[in-house]
Amino acid sequence: MILSETSLSAETTEVRDQTVKRAKITIVGAGNVGASCAVWAAQKELGDIVLIDIPEFADKTAGKALDLLQCGPIERFDCRIVGTADYAHAKDSDVVIITAGVPRKPGMSRDDLVQTNVKIVGDVAVQVAKVAPNAVLIVVSNPLDAMVYTAWKKTGFPTNRVVGQAGCLDIARYRTFISMELGCSVEDITALLLGGHGDDMVPLPSYTSVAGIPVTQLIAPDRLQAIIERAKMGGGELVKLMGTSAYYAPASGTIQMAEAVIKDKKRILPCAAYCNKEYGVGGYFVGVPAVLGAGGVEKVIEVKLNDDEKKLFATSVSHVKELVGVAEGFLR
Ligand code: APR
């Protein structure tokens with residue numbers, strides 16, 4: 001049967017008109033992380049997807065989008081997917097994800113990327129602000145905390161609509177290693193961490209539980225510390241193995257955040273969010289638990305920290321400030 005408009009009752013049509021509004025997600029940087037973001041977003045049928053990369057890669061980007069589009073009949077999603085170098089396609093996006101930039105190579109730290117990526121993220125942010133002025137911006141490019149700051153400065157967006165992805169990934173790594181240690185489901189592990197990305201993260205074992213049981217009752221302190229260290233260095237472990245930085249899990253964490261925004265889920269996720277009075281940070285983007293919904297970062301949640309955690313957090317924040325200082329030098 002061919003479904004024509006007349007075959008739909010007036011009532012059905014009305015309901016469809018009221019409820020069907022596809023979200024639009026633009027992903028800038030169609031490399032490993034960006035393309036993986038598109039895959040996860042399509043699989044979750046979050047909305048229409050626009051992949052943007054530099055003009056030299058316009059055909060390649062269009063090809064990636066078309067290839068992914070052709071998964072629709074198998075994976076059962078109905079999304080429009082476009083790959084382009086033209087920002088006009090990003091017009092009025094609800095969420096824009098920035099993964100543009102260079103990734104780490106073996107032997108490099110995330111901080112080594114700052115000069116190159118400030119320029120790239122800054123340029124991208126300016127383009128995005130022109131076409132999608134109401135979007136929630138999720139930044140993934142590294143060094144993360146400084147890149148979020150760069151995107152915020154260059155777009156002039158309100159702070160609630162600029163956020164960085166790092167904690168979702170770090171916490172996923174931490175939960176994965178806990179589940180491997182205990183031989184239990186990853187789904188039963190909830191955890192919290194603060195601070196900068198990776199090496200600088202501040203895991204909080206006192207806020208980690210397994211099906212409600214404090215993790216400290218299940219894993220001995222030295223084993224837990226080893227797990228924390230592995231999670232902190234999780235990015236470096238993968239760079240060594242793959243010769244470039246990770247992409248499936250970073251993309252998965254990013255789309256977890258995008259989903260919270262698009263579906264207005266009010267999820268509490270660890271994000272690089274703007275903190276001024278919160279945690280006494282004084283106007284920087286740092287990893288904190290935040291409520292993510294349609295308004296972007298709707299609230300930063302402050303949790304009680306013990307003295308050791310406070311010290312680690314302060315060290316992490318001072319590193320963020322230092323890097324933002326370097327980034328600001330290149331922004332001028
Ligand atoms: N505009 C749009 N895209 C750009 C620009 C730009 N100005 N400059 C670079 N890109 C694109 C590149 O052409 C490339 O396709 O960004 C993409 C980056 O992809 P990869 O090199 O595969 O890097 P990836 O592993 O995806 O990492 C991207 O995310 O996790 C972080 O540390 C990582 O900063 C890195 C970023």
Side-chain angles (χ1 to χ4, degrees), residues 26-41 50-65 82-90 93 96-132 137-151 154-155 164-170 172-173 196-200 234-258 272 287 323 327 330:
T26 289
I27 301 161
V28 188
N32 284 335
V33 178
S36 305
C37 282
V39 171
W40 293 120
V50 180
L51 265 175
I52 295 182
D53 210 291
I54 51 175
E56 293 88 315
F57 291 160
D59 283 351
K60 195 172 171 186
T61 308
K64 286 186 185 184
V82 173
T84 178
D86 182 357
Y87 279 84
H89 288 278
S93 295
V96 176
I97 295 166
I98 300 182
T99 77
V102 293
R104 277 199 283 174
K105 297 285 174 226
M108 288 173 88
S109 77
R110 290 186 182 90
D111 298 2
D112 294 334
L113 308 174
V114 69
Q115 184 172 358
T116 312
N117 284 354
V118 161
K119 168 99 183 61
I120 292 174
V121 170
D123 289 350
V124 167
V126 169
Q127 300 292 333
V128 167
K130 284 186 203 155
V131 293
L137 206 57
I138 304 176
V139 180
V140 188
S141 312
N142 274 311
L144 194 268
D145 309 270
M147 292 307 110
V148 190
Y149 186 90
T150 300
K154 286 289 189 175
T155 53
Q165 189 296 121
C168 287
L169 167 63
D170 289 333
R173 286 180 174 151
H197 188 18
D199 318 11
D200 248 4
E237 182 180 358
L238 288 165
V239 172
K240 242 190 236 162
L241 288 169
M242 306 198 299
T244 189
S245 56
Y247 40 95
Y248 295 131
S252 176
T254 307
I255 294 306
Q256 183 180 39
M257 293 171 69
L323 259 184
F330 295 120

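Everything quoted here is computed from the prediction, not taken from an experiment. Side-chain atoms are counted along with the backbone in the values below, which use heavy atoms only and exclude waters and symmetry mates. Remember, it's 1-based here, ligands and their atoms both numbered in the order they're listed.
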Contacts of Asp123 meeting side-chain contact (heavy atoms from CB on, under 4.5 Å) (sequence neighbours excluded), chain-then-number -> Lys119
Does the side chain of Asp145 pick up a donor-acceptor pair with the side chain of His197 at under 3.5 Å? no
Asp86: partners by side-chain contact (heavy atoms from CB on, under 4.5 Å), with sequence neighbours left out: Thr84, Ala88, His89
Residue by residue, ordered by chain and number, which ones reach under 4.0 Å of ligand 1 with a heavy atom? Val28, Gly29, Gly31, Asn32, Val33, Asp53, Ile54, Phe57, Thr99, Ala100, Gly101, Val102, Pro103, Asn117, Ile120, Val124, Val140, Ser141, Asn142, Ser245
Do other residues, nucleotides or ligands put more than 12 heavy atoms under 6.0 Å from the CD atom of Glu237? yes
Can you give me every donor-acceptor pair (side chain of residues 242-249, partner residue at least two apart or in another chain, under 3.5 Å) with its distance?
none

Nearest heavy-atom neighbours spanning Gly253 and Gln165: C-CG, 3.8 Å
